[in-house]
Every structure is written in structure tokens, then in C-alpha cells.
Amino acid sequence: MSTTKPKKNETQAERTKVTTRTFKLKKKRGEIITMLTAYDYPTALAVDKAGIDSILVGDSLGMVVLGYPNTLPVTMEDMLHHCKAVARGAEYAMLIGDMPFMSYQVSVEQAVANAGRFLQEAGMDAVKLEGGQERAAAVEKIVQAGIPVMGHIGLTPQSINTLGGFRAQGKTADAAKKLVEDAHALQAAGAYSLVLESVPKQLAELISQQLEIPTIGIGAGVGCDGQVLVTHDLIGLFDRFTPSFVKQYASMHNVMAEAFAAFKAEVAAKTFPTDAHSVTMKDEEWLALLGELGQ
Ligand code: KIV
């Protein structure tokens, strides 16, 4: 048996940072792109360790971490704070900061300035924003500033009030045609990738075939160039509701609740902390103290 350690690249391909170029190459080669959300350092570490291509610091943060009923209250400061934590945890995944409601809708100038903050202050590699043709001008200017932009069409949660709630989109021929046009407009404006959320799978596949840039689906079927899920849905950490398109791979809410109950029971029974979890001092020091205290 040889005692020589194999060189790293003999046993595993050398891992490199995922970039917009990786996205392009993966689409060209027909390789699936994976993306998950993260909002903090430990989750970013775990997602990166799993070899996921891209981490989205989504404004879903508002719902799954901050407890708001929707994403509308999320601010730039909330996003930057969580993006910084994720950037400290992830080494390889491409990091995408989600532009929150009203951080890019007021003017193209506002959109460019806020997009810049994600890269300059928070260590992100790209930004994502919601909307189709109506956002093309902002996407174009942000890209011209050197900031990669991921688009997001279909169910766009920042527009729930105009969409009438969290509802699937593009289910009629007219609505589907509008989404095809939106997708092309975003590609023409320079977006490097596009999220398709909660749209019919046939439509998502058609858009994915028509576009040169990769599509990342969520509730959009298997015909997309990649898939994304909200991590808290995937690991079962969000208690309120699980969209039908989510697959739960773990039940972390229950795991946490069980651990907390076990802690409570052991503290009540005084079986925690044990000596192994306690700080001790030498007998001679203890006796000296008792002597000094006259006890
Ligand atoms: O905010 C988010 O997590 C998202 C994903 C659902 C794509 O936009």
C-alpha cells in the first residue's frame, strides 16, 4: 500500500469561484446550475460546502428570518447587513444580493447607486431585481456600471399587491406571451441570468430554449437551466407555509424544537450541566479560599 498522499487534484477537481462566465459555460454545456438562499454566515458556509453554484441573499429574508408577512418591509440596510454575513461564509459560490422593494423602482440613478452598494459594501458579486420590460432601462445602466444583473419574472413577490397575492403567473396565452417578451427584454438589456418563479413548466422550458442566458426556476418545472429554492423551505425551518413547489429535504423546525425541549428537561432535572460542562478549580485553591473566608 502506498503511503504517498494523492495530490488534491488527483482525487477531486480543483474548485474555483463561480462567476457569470461559469453560468454561461454551464448553459452551453447543458450542465444544471444550482442556487440556494442564505442570510447568515453558518448557512453560507454549509451551502458553499455542499458545492452549490450560487447563493442568493434573497429578500425572502423578510419572511423567513425577520417574520414579516411579505417582502415589502425589507430595506437596503437589512439586505446589506445579511449580505455581509453571507460574504464572510462563502468562498466559491457566486453571491447575489436581492434588491429590496423601492430600492430600484424610483429612478435608474437610484437603481445603479443601490446596486453598487451590494458590491462595494457587502461583498456581493451580482444583484437581482424583479420585473420585465419596465425594468430594462435600469438593468442596462446597472450592467453598464459593471454590475452583473439577474432578472426575476413570473411571480414577483414585491408586486403581490398588483398580482393579487402569491399566485402562479403566465397561465393564459396572453400572460405567457408577455413573460416571453419580458425575458427577451431582460436578456437584451444585459441580464446574465433570469429567475422564473411559479410559471407553467411548458412556458419555462420554452423561455429557457429561446434565451442564450441561463434561466433559474423555482416552481417552474425541470426544463429550466438551473433550480433555486428558499433554504428555510428546503430544510423545513419556516413554520408558516410551504409553497406547493417546495420539496422539504429536512425538518429543522422540529429538530430545533426537540433540542430546546431536551435542554429544558435536563436543566429542570439538573442533569445539565455536568462536570464535563463546568469550570473546576484545584482543591488546594478551593481550600485556601475557604480558609481566607473563615469557612
Ligand atoms: O427572495 C428570494 O429568495 C427569491 C427567490 C425565491 C428566487 O427571490
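Note that this is a predicted model, so its numbers are computed, not measured. Read the numbers this way: they start at 1 and go in the same order the structure lists the ligands and their atoms.
Side-chain contact between Leu129 and Arg135 is present, with heavy atoms from C-beta onward closer than 4.5 Å.
In this structure, the side chain of Thr215 engages the main chain of Asp225 through a donor-acceptor pair within 3.5 Å. Checked by atom type and distance alone, the side chain of Gln187 pairs as donor or acceptor with a backbone atom of Ile213 at under 3.5 Å. A donor-acceptor pair is defined here as one N or O able to donate and one able to accept, closer than 3.5 Å; no such pair exists between the side chain of Lys84 and the backbone of Met79.
For the residue pair Tyr39 / Thr231, no side-chain donor-acceptor distance below 3.5 Å is found, with atom types taken as modelled.
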Run through all N or O atoms in ligand 1 and write down each protein N or O closer than 3.5 Å, as a pair with its distance.
unit_1	atom_1	unit_2	atom_2	d
ligand 1	1 (O)	Asp59	N	3.2
ligand 1	1 (O)	Asp59	OD1	3.0
ligand 1	1 (O)	Ser60	N	3.0
ligand 1	1 (O)	Ser60	OG	3.3
ligand 1	1 (O)	Asp98	OD2	3.1
ligand 1	3 (O)	Ser60	OG	2.5
ligand 1	8 (O)	Lys128	NZ	3.0

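Between Tyr192 and Phe23, the ring planes are perpendicular. Angles over 60° get that label, and only those under 30° would be called parallel.
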